[in-house]
Each structure stands twice: as C-alpha cells, then as structure tokens.
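Atoms within a ligand are numbered from 1 in the order they appear, just like the ligands themselves.
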Amino acid sequence: MFDAKTYETRRELLKKDVKEGLILLPGNGESPMNYAANPYPFRQDSTFLYFFGIDKPDFAGLIDVDEDKDYLFGTDFTIDDIIWMGPQPSVKELAAGVGVSHTADQAKLKELLEKAVSAGRKIQYLPPYRAETQVKIAEWLGISNEKAKKDVSLELIKAVVKQREIKSDEEVAEIEKALNISFDMYAAIMKTAKPGMYEREITGKIEGIVGSYGGLISFPVILSIHGETLHNHYHGNRMKKNDLLVADSGAESPLHYASDITRSFPVGGRFTPEQKDVYQVVLEAQKTAVEAIKPGKPNREIHLQTAAVIARGMKDMKLMKGDAETAVKEGAHALFFPHGLGHMLGLDVHDMESLGENHVGYDDTVERSAQFGLAYLRLAKELKPGFVLTVEPGIYFIPALIDQWKGENKFAEFIDYNRVEQFKNFGGIRIEDDVLVTAAGHRVLGKPIPKEVEEIETIMG
Ligand code: GLY
C-alpha cells in the first residue's frame, strides 16, 4: 500500500467536501464460485481501497465528519483460521498502516450505526454494486434493500469523483507498472499468434503473463478474430492466415491500478492491402485524438474530431460519400465507429463506473447525447491535469448493423452500401493507449507498445 499519509490526506480532503454526518465505505467480502471456501480471486472495492488501502475481505471504513474520526471495522482471525491461512496481521496492525487508530469488530459497526440512526444523524454511502453490500447496508441501517439501493448520497458521489479523477504522481506510477505488464503481454502475443492456433492459446498467454507478476487482469480479456464484436469474450476460434486479431486487455498493478491496451494485428504477420488501408485510418484517428488532449478541452470534442478522421478515411476508401463533417454531425460514421473514444482509467478499468457513468464522464456543462454511437461516449466533459483516460477509436464492419441500416436505407446519402457489402467479412480494428492529461498537454503512459504497420510486421515476422 501507499504510505499512511496518502490515505490520511485523502480522508481529510473528503471530510472537507462532505461537510457533516457519517461516511460509510464498506469493503468487499469474498465472492464464492461454487461453495463458500472456493471463492473467485478477491477484489477489494476501489473506493474503500482509495481511502483505507486495506486489500483484505470483510472490512468497512467509517468516517465521522462531525467528530473528525476515522474508524476501521474488521474481525481478527482465530487460531482455527491461522491453521489454514498462516499467520495474519491483526485489524489494529492493518489499520495503523493506513493511519487509522480507531478499530473495532464488525459487530460494533451495526451498534454504532443504529445509534446514529436513532440520533437522526446523516449517514452517507455510495451506490452498492454487489448484492451482498446492499444487503449489509440495509441491515446496518435497518432499512429495506430497495431503500438501501435508492438512498445513495449524490453529495458523496460527487466528492469521491472530484478526488479520484485527479491522479497523483504515485497513482500514475502504479498505472505505469500495470502498463509495463501490458508491454510484455503484447510483445509476447504478437510473436505467438500463428495460423492454426486457437484464440484461447493467446488469451491464456496474456493471463499467464499477468499471473506471473502476481496480480489480476483488470477485466476479462477481449480477444477475437471477430473484432467487429466490440467486447468479444469467446476465444474458441481457430485462427487462419490473414485473419485480423483484436486483443484488448489489461493488468492490475500491485496496488490494483489498471492498464487497458488494444492492438489489432494480422495472423500470419502481414496486413493485406485492404487491412492496411483501414488500419491506417484507425491509426491516424487514434494519433489525432491523442494529440488533441490538453486541459480545458472537452473529450466530446476530441471524440467528434476523431470521428471526422474516420469519416474522411472511409470516404477516401469509397465506403462513405458526401460531406464528412455533416455525416459525423448526423451520426452516419457510427456504422463503422459505434462506440465512444474512451473512458477514465484508475483503480477501475472504467474508473468509478460503479458511482454512475454520468457522474464521472459528464457534468453541468455537457449532457449525454441520445444519438446512436455518441450515446456510448463514457467521458465527455472537459479534461483536467491529472486525468488518465483511454483513447481507443476503432473501425468495425458489423454484418447485422450493416444489414439493418441498408434495409432502412439509413444515411444513404453518406454510405455506399454496395461497397460496404464487399467488406462485410472484414472484422474490426481498434487501437488503444492510456494517456495522462498534464498541465502542458498530455503524456502517453507506459513504454510505447508497437502500433505502426511496419513495426507490427517486423515483430510478427
Ligand atoms: N477495454 C475494455 C473496455 O474499455 O471496456
């Protein structure tokens, strides 16, 4: 974990923003796969981790803003536990490591909260995304599950987003540790992916590399020769020469900060001329987006600028026609680029998404669009120094979407459906890097992972 001072300062800042009452931050418990003692890999709640740092199940943090006191609730292990698990630190020892001096058993939390409820004190908590947490909150506060889900604190959500969205140098260093693992992954898989292999062999390689660093993947690996399915988790296809493989994956650093990288490359090591043309459009779009990143710039504008590069590229390839800027305004490019440019990155791969995507990516200055494609943009608001975001444009040929739009003759003034038909089996291409907004502009994080056509062909060759 970071130094205790980091967690103390974070809690102090939170107390300044949330001016009264009690802030309840439950940690996660184990999540059983098939019976209680056989759990999924443990993943701590990211906001608990941010303010209390302890990476172990069954803790809860409570911040008393009125009394200026921080509490940690947990249960010390018994000798029976220690026989199975080996020596374990006490709750007091763990709490001292994150600058908390008030500790008590979990059972005491309910008592303390009951008293606070009777005294009419304000108790604030964040949206629970695990059913177990929702049930616990309902029990602790003596309310129904439905009420526990509904009565989340908007004030607390806003205060947490305000803090977590700005990454400190030590947090950026953690993200770069995760990116070093990503570098190794892509170096390995570009050399490994050969015709005749199954996608799962490449997925296994990625998971093995992450495991060898002792951490977790930051989200289930997306890897497919059907990259036109945006989040394809099926890995059972046998790869053939000239298939385009999209690999979108990430690792967690030792302190659980995420990386998120996508590369697309041809099985067999050489792009066909058609693949190269589409790839160059995506690459130009991605580089344009990265270059546009600077404080004060709304990410929605960068998304639309990127969409315009894609529309112009599609027009050069005679897949689109008419005025590219008008096509983007009306949303015609979304046949090929139907998702948002990127999202915040931090302790979560979609950072803070459990707090509500609109609270993280939108604010009073920008409202989510209802237009197909633009509606999926996760981060639209103005960029600030300290934001870390993904930049991940793509071009996809999605047969079902093509058929639907063609059937409706949708945007026929902008799309040449006869030409698009020739690309129906193309698949997809996405290129993604992780970028820090700096005072002067931006910095692409991590060691550069090859993305130029020549670099990829050289490595794969
Ligand atoms: N890279 C995975 C995602 O953005 O959802």
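- Put simply, the side chain of Y186 gets close to the backbone of A247: a donor and an acceptor are under 3.5 Å apart.
- For atom 3 (C) of ligand 1, the closest heavy atom belonging to the protein is H350 NE2, 3.1 Å.
- Close contacts of ligand 1 with H231, meaning ligand atoms under 4.0 Å from a residue heavy atom, involve 2 (C), 3 (C), 5 (O).
- Distances from atom 1 (N) of ligand 1 to the heavy atoms of V221, V349, I222, D260 put D260 nearest.
- Checked against the 6.0 Å centroid criterion, the rings of Y376 and H303 do not qualify as a close aromatic pair.
- Taking the six-membered ring for Trp, F52 and F59 have ring centres at least 6.0 Å apart.
- Ring centroid separation for the pair Y234 and H226 does not come in under the 6.0 Å cut-off.
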